[in-house]
Amino acid sequence: MKSELVKPTHLERKAVVYVRQSTAHQVVSNQESLRLQYALRQRARELGWHDADIDVIDADLGLSAASAAKRNGFKELVGRVGLREIGLILSIDVTRLARNCSDWYPLLDICGLRGCLIADRDGVYDPGSANGRLLLGLKGTISELELHTIRSRLTAGLLAKAERGELALMLPIGLICDPSGVVVKDPNLAVQQRLELVFETFLKFRTVAKVMRVLNERGLALPRSDRHGELRWARATVSAVAAILKNPAYAGAFVYGRTRLRATACEGGSSDAKVARPIDEWRIVVKDRYPPYIDWPTYEKIRDIVRDNRAEYMRIKTRGAPRNGELLLHGIAWCGRCGHKMYVRYKGGGEYVCNHLHSHAGLPACQHIRASRVDAAVADAFLTALAPAEIDALSRARRAQQQVEKALRSSAERELERKRYAAALAERQFNRVDPDNRLVAGELERRWEAALNEVRSAEEAVARQASAEPVTQIALGKALHRKVIALSGRLPQIWADDATTDAHRKALLRCLIEKVILDRGEHDIALARIIWRGGAVTELEVKMNVNSVAKLTHGEEMRARLLDLAKTGLPDDEIAALLSQEGHRSPNCADKVLPITVQRIRLGAGIRIATQRSRWTHQAVWLSATQLAARLHIPVNWIYVQIRQKRLLIDRQPTGAYLFRNAPSVINAVRDLRNHTISHLDLRITQPHQERYQHA
């Protein structure tokens with residue numbers, strides 16, 4: 001029956017049937033609703049429209065009406081109404097057009113302005129009339145409320161199921177659901193062992209990238225799931241390792257709400273993107289729900305290490321992973337003046353620079369501190385604090401290393417076993433094929449050959465590890481077991497050993513030190529405040545090099561005292577020793593006053609001494625290089641050349657002098673070296689009464 005609201009002016013324009021389903025699943029499963037919506041063409045014919053004047057807009061199938069952002073069909077509909085092309089809009093109900101009042105009421109406004117009717121299964125409405133707008137407005141409001149009600153009901157059920165840990169979520173590789181619905185570990189032992197190896201290796205090396213490199217260097221692939229959920233083995237990547245380490249399911253926990261939606265700007269408007277929540281903001285955590293690969297405290301420790309390794313200093317206040325580079329406080333040095341992170345700069349000598357205000361506000365740099373003295377002071381404090389626990393720490397480190405090596409060896413053997421099975425399977429497939437079917441037989445033969453090559457590679461890798469292990473055990477195991485008691489106090493030597501890398505030193509330092517706050521000060525004293533893990537604080541005063549006596553804290557006092565002593569006629573070395581005993585220092589020496597400093601200040605003040613003492617003094621049983629050269633009537637420079645070229649081996653005194661025993665055997669030996677009778681001469685004090693010669 002034709003509605004009384006339909007006018008000839010409406011019939012002159014198009015009638016549009018708007019078809020929409022909320023989700024792709026409904027498009028496939030709820031076919032009856034689609035048939036009812038497409039059947040609205042018959043309703044338009046009953047209202048007086050011809051078939052040629054009836055259009056169907058179904059571009060929004062599978063899209064929700066909660067927003068018009070991505071609904072091109074709805075946008076087309078509004079545009080055509082604005083161009084007066086449409087006289088009637090038909091929909092099964094108003095929920096198909098919009099479930100958001102911010103989209104619904106503008107549509108009513110433009111329909112009322114352009115004289116377009118809206119029809120649903122209950123009737124035809126004129127948005128330009130008060131009654132029609134009232135009814136349509138109420139339906140739109142109820143539609144929006146209905147969406148909220150449906151969503152709240154579904155969300156409540158979902159959260160209730162999640163709180164019991166029964167919500168069906170995709171399980172990570174290594175966990176499967178048995179036919180009874182219970183989650184168990186994957187029965188594939190290779191998968192289990194490889195996942196355990198990832199966790200053990202990370203706890204040893206403490207960086208995701210290092211774990212990735214170790215696995216790839218050993219030829220150990222990671223188990224992954226393909227798009228069909230099937231197991232596949234792939235080369236380790238940083239993202240794959242991080243996904244395993246950060247998944248709480250491996251700690252036996254069911255977690256819901258690890259991410260949240262955040263609006264992000266994009267081309268054509270804004271969209272919602274998923275961002276990770278901090279671990280303390282996860283909505284639901286049900287522990288002991290799955291069989292664990294690691295316990296929950298270990299998982300939290302791993303999360304903290306991964307987070308701390310991220311070098312986002314200013315945003316999340318992390319320290320970054322320990323890297324190579326001789327400056328120890330990289331990532332843990334903070335400015336004591338402005339409170340920002342200090343960066344390292346190696347150009348022109350290592351130093352810590354607070355450049356934040358200059359980079360972000362155009363202000364002068366806050367401060368910069370030479371690193372050598374600060375690093376030495378912090379390292380001494382660290383070694384002092386660690387000394388009582390040296391043996392225990394070394395023992396734990398050795399046990400951890402043995403566990404990782406054992407896990408790596410076992411994983412390599414499992415990898416070999418898996419590849420042997422793949423080769424045997426390829427052989428069986430090749431043997432079952434008809435030899436005359438060369439198209440299939442050739443491909444199966446190629447697969448079999450490739451599998452055999454992988455087996456040979458895996459066998460070689462296992463053999464290399466087996467051949468390298470006995471040497472390692474002898475060099476490390478027996479040596480450590482035999483000398484473990486004698487290791488007390490050896491940590492400074494281990495710290496200074498060339499085999500200990502800068503990254504290892506930084507990692508050791510961070511075990512106890514949270515951060516170091518630095519303040520250069522105005523004179524020669526820099527303040528270093530060490531914040532230890534646990535909250536303890538140590539204050540250090542570090543003596544820094546300066547370029548003049550005037551910049552020393554007690555520079556003027558030392559200068560006055562020095563001049564008073566110089567006026568009495570004391571030699572420079574005695575003045576330097578006396579000032580050092582009184583606590584003074586040279587600008588470029590942290591613990592004493594150098595004679596050259598005394599000389600420069602004395603000469604600058606115009607004070608001269610008639611006879612200055614020689615640089616070195618010694619007993620008569622010794623000869624200096626100059627005295628020996630005079631005794632042999634040879635140039636003294638020749639003696640120093642022989643020492644530099646290591647043809648003449650002799651110990652250097654703490655004063656810096658070279659002293660020779662005043663004995664005929666020594667003098668004759670040097671003469672023989674001069675005359676090329678011998679090619680080398682060893683006068684070191686390891687054998688004080690026996691000179692060693694090597695004849696030419």
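Everything numeric in this text was worked out from a predicted model, so none of it was measured.
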Q: Under the side chain to side chain donor-acceptor pair (under 3.5 Å) rule, what do Asp304 and Tyr299 come out as? Steps first, then yes or no, please.
A: CA-CA 9 Å; Asp304 292 340; Tyr299 174 75; over 6 Å; no
Flag, side chain of [X] to backbone of [Y], donor-acceptor distance under 3.5 Å:
X      : Y      : result
Gln367 : Arg520 : yes
Gln627 : Ser624 : yes
Arg529 : Ile517 : no
Asn216 : Ala236 : yes
Arg585 : Val593 : no

Q.
Counting only heavy atoms from other residues, nucleotides and ligands, does the tally under 6.0 Å from CZ of Arg600 exceed 12?
A.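 Result for CZ/Arg600: open.
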Q | Which residues share a side-chain contact (heavy atoms from CB on, under 4.5 Å) with Arg647, sequence neighbours left out | A |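 So Arg647 forms a side-chain contact (heavy atoms from CB on, under 4.5 Å) with Gln642, Gln645, His680.
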Distance check, rounded to the nearest 0.5 Å: [X] atom [atom1] versus [Y] atom [atom2]?
X      : Y      : atom1 : atom2 : answer
Met558 : Ser586 : CE    : OG    : 6.0 Å
Thr538 : Ile530 : OG1   : CD1   : 5.5 Å
Phe660 : Ile639 : CZ    : CD1   : 5.5 Å
Arg671 : Leu681 : CZ    : CG    : 13.0 Å
Leu579 : Glu557 : CG    : CD    : 10.0 Å
Asp682 : Asp651 : CG    : CG    : 8.5 Å

Heavy-atom pair of closest approach, residues [X] and [Y]:
X      : Y      : result
Ile667 : Leu632 : CG2-CD2, 3.4 Å
Ile607 : Ala566 : CG2-O, 4.0 Å
Leu594 : Asn588 : CD1-OD1, 4.0 Å
Leu563 : Arg602 : CD2-CA, 4.5 Å

Are any non-hydrogen side-chain atoms of [X] and [Y] less than 4.5 angstrom apart?
X      : Y      : result
Tyr658 : Ile643 : yes
Thr298 : Phe199 : no
Val542 : Ile369 : no
Leu578 : Leu565 : yes
Val374 : Met544 : yes
Tyr352 : Val344 : yes

Q. Taking the six-membered ring of Trp638, is NZ or CZ of Arg674 closer than 6.0 Å to its centre and within 45° of its axis?
A.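 Yes, a cation-pi geometry.
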Q.
Pair Asn668, Ser665 - check side chain to side chain donor-acceptor pair (under 3.5 Å), show working.
A. CA-CA 5 Å; Asn668 293 332; Ser665 60; over 6 Å; no
Q | Sole residue of Ile244, Val241, Val214, Val306 in side chain to side chain contact (heavy atoms under 4.5 Å, CB included) with Phe202 | A |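 By the side chain to side chain contact (heavy atoms under 4.5 Å, CB included) criterion, Phe202 pairs with just one of Ile244, Val241, Val214, Val306: Val306.
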